[in-house]
Asks: 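Got a structure for you, written out below as C-alpha cells; questions coming shortly.
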Amino acid sequence: MALEIKHLGKKFHNSDEYTLKDVSLTIEDGEFVCIVGQSGCGKSTLLNLVAGLDQPTEGEILLEGEKVTAPGTDRTVMFQEHALFPWLNVIDNVKFGMKLAGANEKLQTEKAMYYLEMVQLEKYINYRIHELSGGMRQRVALARALTLDSKMLLMDEPFSALDKQTANMMREELQKIWLQTKKTILFITHSVEEAIYLADRVVVLSEKGGRIKRIVPVELPRPRKVSDLKLVQLRQQILDEIRSARKTDDEILADRMELEAKRDKNTAEREG
C-alpha cells in the first residue's frame, strides 16, 4: 500500500469554509490516479498536502505507514512550470537533484542519460533551456523527476501550459514511461480526456467543499487512444459527474447552518 489519505480536511486561515472536506483515498503501489473537478475544488490543495508543502486542518496522510508532515525524498513534485535552471544545460538540469542528494558523478551521468533517452532527448544534452521548445522543457523536467527514484510522483497539471499537439505528445510519452517504470503517480488535471487516457482510476471532486463525489475505475487496455469509443463514452460519463458535483442549495444551506452552530457554541463557551 503506497498512500493512505484519511478523512482529510483543509481550511485556510482567511476562510471559514472547507477547501477539502472528509477526503479518504488509498493509492496502491504502481497505481496511476488522476484527480479532476471544477476550478477551485481543491485539486492542487490536495496534491500540496500529499507533498507535505502544507498541513491539513483535519485527518492525516500516510505513506507506507509513515505520517506525512513535510516534504521528503519519497515524493517528487512536478508543477505546471518546468522550474529548470536557465544557466545549466539539459543534462546538468537533470543531474541537479541527484547532485544535491550526494550521488557520485558516474551515477549522476548514467541515470541522467537513461531517463533522457526515455524521454527522447539524448541528442540535446548540451542544449541550454532557452534553446528548447515548451514540450522539450517539460520532458527535461520529467526526466529530472524520474532520476530521483522517489516512491511517488506528484504531477500538478504539468501539460496545461502546452499547446494541444504538444500536450498530446507528452501524454503519450508519460503513458509509455509509466508502462516501463510502473511508478506510483498522483496526477492533477482539468482535462477529463487526459485523466481517462492516463489513469487507472479517476477521482471526481465536488465543486464546493472539496469532497470526493465519485471514483471511476478506467478498465481500458493500454496503450490507449483518445479516439477509442469506450474512452469517449467514459469521458462523457465523468463530465456528467463533474457537472452534477456542484452543490445543491440545500447542501450549501446545511453547511452554513453547521458553521453557524459551531460559532454559537464557541461564543457560549467563551461567555460561560
Side-chain angles (χ1 to χ4, degrees), residues 2 25 27-39 41 43-44 46-47 76 78-82 114-124 132-146 152-205 212-245:
L25 178 67
I27 300 176
E28 303 293 344
D29 287 325
E31 192 175 16
F32 199 131
V33 173
C34 284
I35 310 290
V36 299
Q38 299 280 351
S39 294
C41 71
K43 300 186 300 294
S44 292
L46 178 58
L47 183 135
T76 299
M78 186 175 172
F79 295 105
Q80 294 179 27
E81 297 297 326
H82 54 72
Y114 176 78
Y115 286 109
L116 283 169
E117 288 174 9
M118 189 175 285
V119 299
Q120 301 178 38
L121 287 177
E122 68 275 11
K123 296 179 181 179
Y124 298 87
L132 305 178
S133 67
M136 293 169 76
R137 293 174 190 180
Q138 284 298 77
R139 283 151 69 188
V140 174
L142 179 57
R144 182 175 63 184
L146 291 168
M152 283 197 74
L153 182 56
L154 309 174
M155 308 182 77
D156 190 3
E157 300 190 65
F159 310 143
S160 62
L162 304 176
D163 63 82
K164 181 70 171 178
Q165 183 176 351
T166 305
N168 286 340
M169 180 192 69
M170 288 298 301
R171 292 169 190 169
E172 290 178 10
E173 289 295 327
L174 182 58
Q175 180 177 230
K176 291 176 185 176
I177 289 168
W178 181 83
L179 286 169
Q180 291 179 52
T181 65
K182 290 299 177 75
K183 177 76 70 178
T184 306
I185 297 178
L186 178 62
F187 191 103
I188 305 300
T189 180
H190 276 93
S191 170
V192 174
E193 179 182 273
E194 182 173 69
I196 300 169
Y197 181 80
L198 293 169
D200 295 307
R201 290 185 295 155
V202 177
V203 179
V204 181
L205 292 184
I212 292 179
K213 176 73 174 178
R214 188 180 173 196
I215 299 176
V216 182
V218 184
E219 297 172 342
L220 301 176
R222 291 184 173 95
R224 295 170 183 163
K225 295 182 179 180
V226 294
S227 58
D228 186 284
L229 178 59
K230 291 182 179 179
L231 192 149
V232 174
Q233 291 172 338
L234 188 55
R235 173 182 176 272
Q236 188 58 50
Q237 178 185 332
I238 294 176
L239 283 171
D240 291 342
E241 286 287 345
I242 291 174
R243 293 188 185 104
S244 69

Asks: Hey, does Leu146 have a side-chain heavy atom less than 4.5 Å from the side chain of Arg144?
Replies: no
Asks: With a 6.0 Å cut-off (strictly less than), is the heavy-atom count around CD of Gln165, excluding the residue itself, greater than 12?
Replies: no
Asks: Please give me the minimum heavy-atom distance between Ala195 and Val36, naming the atom from each residue.
Replies: CB-CG1, 3.7 Å
Asks: Do Leu121 and Met136 touch side chain to side chain, with heavy atoms closer than 4.5 Å?
Replies: yes
Asks: Run Met118 and Thr181 through side chain to side chain contact (heavy atoms under 4.5 Å, CB included) and show every step you take.
Replies: CA-CA 10 Å; Met118 189 175 285; Thr181 65; 4.2 Å; yes
Asks: Show the nearest heavy-atom pair for residues Tyr197 and Gln175, with the distance to one decimal.
Replies: OH-NE2, 2.9 Å
Asks: Tell me whether Lys43 contacts the main-chain N or O of Gly37 through its side chain, where contact means a donor paired with an acceptor under 3.5 Å.
Replies: yes
Asks: With salt bridge (charged side-chain N to carboxylate O under 4.0 Å, His left out) as the test, pick out the partner of Glu194 among Arg171, Arg235, Lys164.
Replies: Arg171
Asks: Please determine, by modelled atom types, if Glu172 and Asn168 share a side-chain donor-acceptor pair under 3.5 angstrom.
Replies: no
Asks: Hey, does Val33 have a side-chain heavy atom less than 4.5 Å from the side chain of Asp200?
Replies: no
Asks: Report the distance from atom CG of Leu154 to atom CE of Met78, rounding to the nearest 0.5 Å.
Replies: 12.0 Å
Asks: In Å and rounded to the nearest 0.5 Å, what is the CD to CG distance from Glu193 to Leu231?
Replies: 7.0 Å
Asks: Phe187 versus Pro158: any side-chain heavy-atom pair under 4.5 Å?
Replies: yes
Asks: With rounding to the nearest 0.5 Å, note down the distance linking CG in Asp156 to OG1 in Thr189.
Replies: 9.5 Å
Asks: Measuring only between side-chain heavy atoms, which start at C-beta, is Val232 closer than 4.5 Å to Gln237?
Replies: no
Asks: Please confirm whether Lys176 makes a cation-pi placement over Trp178, using NZ or CZ under 6.0 Å from the six-membered ring centre and within 45° of the ring normal.
Replies: no
Asks: Supply the atom-to-atom distance Ser44 OG to Phe79 CZ, rounded to the nearest 0.5 angstrom.
Replies: 9.0 Å
Asks: Just wondering, do Leu205 and Ile35 contact through their side chains at under 4.5 Å, heavy atoms?
Replies: yes
Asks: Between Arg224 (side chain) and Ile196 (backbone), is there a donor-acceptor pair under 3.5 Å?
Replies: yes
Asks: Does either side chain, that of Ser39 or that of His190, offer a donor lying less than 3.5 Å from an acceptor on the other one?
Replies: yes
Asks: Compare all side-chain heavy atoms of Phe32 with those of Val218 and state whether any distance is below 4.5 angstrom.
Replies: no
Asks: Specify the closest pair of heavy atoms between Pro217 and Leu234, including all atoms of both residues, with the distance to one decimal.
Replies: O-CD2, 4.3 Å
Asks: Quick check against the 3.5 Å criterion: does Glu173 have a side-chain atom that pairs as donor or acceptor with the backbone of Arg139?
Replies: no
Asks: Taking the side chain as every heavy atom from C-beta outward, state whether Lys123 and Leu116 have any pair of such atoms under 4.5 Å apart.
Replies: no
Asks: Tell me if a side-chain donor or acceptor on Arg137 pairs with a main-chain N or O of Leu132 at a distance below 3.5 Å.
Replies: yes
Asks: Between Val216 and Arg214, does the side chain to side chain contact (heavy atoms under 4.5 Å, CB included) criterion hold? Intermediate values first, please.
Replies: CA-CA 6 Å; Val216 182; Arg214 188 180 173 196; 4.1 Å; yes
Asks: Can you measure from CG (Leu153) to CD1 (Ile185) and round to the nearest 0.5 angstrom?
Replies: 5.0 Å
Asks: Minimum heavy-atom separation for Gly135 and Leu162, please, with both atom names.
Replies: N-CD2, 3.9 Å
Asks: Distance check, rounded to the nearest 0.5 Å: Leu174 atom CG versus Ile177 atom CD1?
Replies: 6.0 Å
